[in-house]
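Just so it is clear, the structure is predicted and the values come from calculations on it, not from any experiment. Numbers here are sequence positions counted from 1.
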Amino acid sequence: MKFQYYIPLLVLIISCGQGRKMEKESEINTQGAVEIVEDAVADYPEKDKGFDFNKIMAKTKTKTLPHFETTNFDSFIDEGDYEEIDGEALQLEQIYPDFHRDGFDPKVIAMHKLPLSDSFVSVVATILKSENEMETLLVNFDKEGKIIAHQIAAYDEIAEGMSQVVSRISEGNLTVNHIFWGDIKKIEEVVFKILYDGKIEKIDTRNLNETFENFSLINNVLLNLNLDWIHAKTNLITTKEFPDNAYETIVVIPEIVDEGIMYFNLNSHIVIVDNNTERIKYKYFESHKTNGWESDAVRLDEIEINFAPYKITKDKGALGLKVSHFGSSRVNPYSVENLSLFVKSNDKLLKVLSDYAIKDYVGEWDGDCNGEFTGEKRTLIKSTNVTNGYFDINVIKEITYTENFEDDKGECLVTEKDEIKSALLKFNGKTYIETDVNIDADPDAETKSYSEFHPKKLEHIQIENFHISHANDMGKNKIISGLYEPKDGQLVPPDTKNDWGLRLLLLDASNKVVYASKGFGEAYMFEPNFYKSDVSNKIIIICQLAFEYPFGGEAFILENENIKHIGTLDIEGTDEEKYMTEIVEIKEIGDEIVFTLKSDEVILNPGSIDEAKINNNIQYVYKNNVLSLRVNIQ
């Protein structure tokens, strides 16, 4: 008889069999198993069945999801552990094109079902193809027992010991890792979608050893945590070397607990690794039940390591981890960015701030115009006060309320209202907790937001000995930028050897110069940009400076036909396509005018030092006639 079917006894030893892997790389030999079942079926027409498919399936054990399929030779002791079972329902001759080849005598040695759908039947079966080779298949059948599709879920061979396949099977998803051992370990991750009709569709392939620059380090971390790559949500694995300590790297491993169509739950593994030994020095674990690492209608988008200088004592800094979620609803938009802080303690990491929302946005609208939205940004600033050994943390909450509505003409209008609140984070001995309190910012201070506008450009303006680059009509006044031209190679007043170059001028109604700024030297660009608020009579002017690259700008205030220079904004964003004046946000809060950039990272002293920093709400603040740089949480 052609078929011999067996089932294992109770002894199962789960192992990846890596001790058997030799230092030579080879491809997986699957003996001709094909990915598209229909091609194989065409060669072997369906015969009259001598078995009752539904009866066999009723007797087959069902396992839970997600299912990690890692079956290999170490899962069985010897051939005596196998028992004969009725496996005709698998219809192997429709799966293997060379089924009738002499010497090919496959044996089914394990079989179970998975509850992937009520519309079709899913079977996972391990086939002993020879004494040196076995593979496990995921096979989807229709209700009558006809094969819909199949895919290799696991593979092992001991002739050369060079390759292995493992997989993760969940509702709607199949992730298969092809592992190769050679001079280095290589893993090809192939992602399939299990469709509603039982068909299996490949949607992505990538080489993990090429995707992750420090693949070897992550691989050792997984081994030390008793995990494999197949247990991790690989697109959310993140690593970062400490900027002030090149000997340590933080590694974040999101371990899959559950996943399905458009959802997953993850355990948290956060470790610090010695870069030389790849040994874990500090680690932190948190269950999916409490860590908030879940994704459904509100999608978990990103896990980001944050090395902003969170000083919690004079000598100790905390490590930041940001987790971002994004809602998928168009009419109820929602997003949140949560920050957690960790400190080293013996061989562990302690979580001292848990999932504190530093940005959130929520709204409700009709999908056309009418709606209300609230956005809140929280800035953390170290206090000098100490509670239970750790610095208090001041929190500035910048809240923006936005309302969209249609006017009588059917045009969609937008109104915004800004509010500043404050809070205090105090350490209670285990974690930071928030307390409402007034700090440096006045919560009752009125906030005025400035937006850019474009005054009319002027032509045919002439000023003796002055080259005009830009001219703008400000009503009763005119704003001019340019420089005084040397005459016969000599500087002309008001230029001197210590005060020359590009200037900003203010002209009165008769085109008389009533204000001339100091000279700002040479630059390819010195272009005025204008910002105003509907509730203020001030106009902020920023003259963008640039050579081949932008390097900040000079800021002025025009008020009641008077102008003054308030200082230099020595800052740029990291997007080379955008000038600082295109991404600046200006707000007047009480007696302060605050300049911030809409950029995740900024460059301080661009064109000279070029100091890159994470934009943890870095600000230029004009107060008491002084413009100063304010870098938070230091």
Novice: Test Asp360 against every option in Ile399, Thr374, Val336 by the side-chain contact (heavy atoms from CB on, under 4.5 Å) rule and name the one that passes.
Specialist: Val336

Novice: Can you pull the ring-ring contact (aromatic ring centres under 6.0 Å, His included) pairs that have at least one residue in residues 315-349, sequence neighbours excluded?
Specialist: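 Matches after skipping sequence neighbours: Tyr284-Phe342.
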
Novice: Which residues pass the ring-ring contact (aromatic ring centres under 6.0 Å, His included) test with Phe551, not counting sequence neighbours?
Specialist: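 Once residues adjacent in sequence are excluded, the partners of Phe551 under the ring-ring contact (aromatic ring centres under 6.0 Å, His included) criterion are Phe547.
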
Novice: Would you please say whether a donor-acceptor pair under 3.5 Å links the side chains of Asn472 and Lys457?
Specialist: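 Lys457 and Asn472 do not have a side-chain donor-acceptor pair below 3.5 Å.
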
Novice: Can you sort out the partners of Asn265 under side-chain hydrogen bond (donor to acceptor under 3.5 Å, both in side chains), two or more places apart, ordered by chain and number?
Specialist: none

Novice: Between Thr574 and Val602, which heavy-atom pair has the shortest distance, and what is it?
Specialist: CG2-N, 4.2 Å

Novice: Could you name each residue pair satisfying disulfide bond (SG atoms under 2.5 Å apart) that touches residues 288-384, not counting sequence neighbours?
Specialist: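 Applying disulfide bond (SG atoms under 2.5 Å apart) to every pair that reaches into residues 288-384, excluding sequence neighbours, yields Cys369-Cys412.
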
Novice: For Lys538, give me all partners under side-chain contact (heavy atoms from CB on, under 4.5 Å), at least two apart in sequence or on another chain.
Specialist: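 Lys538 satisfies side-chain contact (heavy atoms from CB on, under 4.5 Å) with Tyr450, Ser536, Ile557, Glu559, Glu588, Ile593 once adjacent residues are dropped.
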
Novice: For Met580, is there any backbone N or O sitting under 3.5 Å from a side-chain donor or acceptor partner on Glu572?
Specialist: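 Indeed, once roles are kept as given, a pair shorter than 3.5 Å links the two residues.
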
Novice: Keeping Asn291 on the side-chain end and Trp293 on the backbone end, is there a donor-acceptor pair under 3.5 Å?
Specialist: yes

Novice: Quick one: are Thr313 and Tyr390 in side-chain contact, heavy atoms under 4.5 Å?
Specialist: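 Heavy-atom side-chain distance check passes, below 4.5 Å.
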
Novice: Closer than 3.5 angstrom, by distance alone: can the side chain of Arg299 be matched with the main-chain N or O of Ser328 as a donor-acceptor pair?
Specialist: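 No, Arg299 side chain to Ser328 backbone: no donor-acceptor pair under 3.5 Å.
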
Novice: With sequence neighbours left out, which residue pairs that include part of residues 239-300 fulfil the disulfide bond (SG atoms under 2.5 Å apart) condition?
Specialist: none

Novice: If we count only N and O atoms by modelled type, under 3.5 Å, do the side chains of Asn338 and Lys359 hold a donor and an acceptor together?
Specialist: no

Novice: Taking atom NZ of Lys578 as the centre, report whether more than 12 heavy atoms of other residues, nucleotides or ligands fall under 6.0 Å from it.
Specialist: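 It does not: Lys578 NZ has 12 such atoms or fewer within range.
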
Novice: Test Thr387 against Asp392 for side chain to side chain donor-acceptor pair (under 3.5 Å), laying out the working first.
Specialist: CA-CA 6 Å; Thr387 303; Asp392 296 345; 2.8 Å; yes

Novice: Does atom OH (Tyr247) have a neighbourhood of more than 12 heavy atoms from anything else shown, all under 6.0 Å?
Specialist: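 Check fails, neighbour count at 12 or below.
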
Novice: So, Asn615 and Ser599: side-chain donor and acceptor under 3.5 Å apart, yes or no?
Specialist: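 There is no such pair between these side chains.
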
Novice: Just how far is it from atom OG1 of Thr384 to atom CZ of Phe391, taken to the nearest 0.5 Å?
Specialist: 7.5 Å

Novice: Quiz question: by atom type and distance under 3.5 Å, do the side chains of Glu294 and His288 form a donor-acceptor pair?
Specialist: no

Novice: Given side chain to side chain donor-acceptor pair (under 3.5 Å), test Glu434 with Tyr356 step by step and report yes or no.
Specialist: CA-CA 9 Å; Glu434 180 180 290; Tyr356 187 73; 2.4 Å; yes

Novice: A side-chain contact here means heavy atoms from C-beta on lying under 4.5 Å apart; do His565 and Phe520 qualify?
Specialist: yes

Novice: Output yes when a side-chain donor or acceptor of Asn209 lies under 3.5 Å from a complementary backbone atom of Ile187, and no otherwise.
Specialist: yes

Novice: Would you please name every residue forming a ring-ring contact (aromatic ring centres under 6.0 Å, His included) with Trp229, sequence neighbours left out?
Specialist: Phe212, Phe215

Novice: Quick check with a 6.0 Å cut-off and a 45 degree axis cone: is Lys344 positioned over the face of Phe242's six-membered ring?
Specialist: yes

Novice: Please list all pairs passing the disulfide bond (SG atoms under 2.5 Å apart) test where one or both residues lie in residues 263-339, with sequence neighbours left out.
Specialist: none

Novice: Which residues pass the ring-ring contact (aromatic ring centres under 6.0 Å, His included) test with Tyr620, sequence neighbours left out?
Specialist: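 Applying ring-ring contact (aromatic ring centres under 6.0 Å, His included) to Tyr620 gives none.
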
Novice: Could you list the residues that satisfy side-chain contact (heavy atoms from CB on, under 4.5 Å) with His231, not counting sequence neighbours?
Specialist: Phe68, Leu227, Asp228

Novice: Please list, one pair per line, the donor and acceptor atoms closer than 3.5 Å that link side chains of residues 257-264 to other protein atoms, with sequence neighbours excluded.
Specialist:
from	atom 1	to	atom 2	distance (Å)
Glu259	OE2	Arg168	NE	2.5
Glu259	OE2	Ser170	OG	3.2

Novice: Out of the candidates Glu527, Glu452, Gln544, only one should pair with Thr581 under the side chain to side chain donor-acceptor pair (under 3.5 Å) rule; please name it.
Specialist: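 Per the side chain to side chain donor-acceptor pair (under 3.5 Å) rule, the option paired with Thr581 is Gln544, out of Glu527, Glu452, Gln544.
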
Novice: Does Lys322 have any side-chain contact (heavy atoms from CB on, under 4.5 Å) partners at least two apart in sequence or in another chain, and if so, which?
Specialist: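 So Lys322 forms a side-chain contact (heavy atoms from CB on, under 4.5 Å) with Glu304, Asn306, Tyr310, Glu337, Leu339, Ile358.
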
Novice: Could you check if a side-chain atom of Tyr361 sits within less than 4.5 angstrom of a side-chain atom of Pro333, using non-hydrogen atoms only?
Specialist: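 In contact.
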
Novice: Are there over 12 heavy-atom neighbours, none belonging to Asn235, within less than 6.0 Å of that residue's CG?
Specialist: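 More than 12 heavy atoms, drawn from other residues, nucleotides or ligands, come within 6.0 Å of this atom.
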
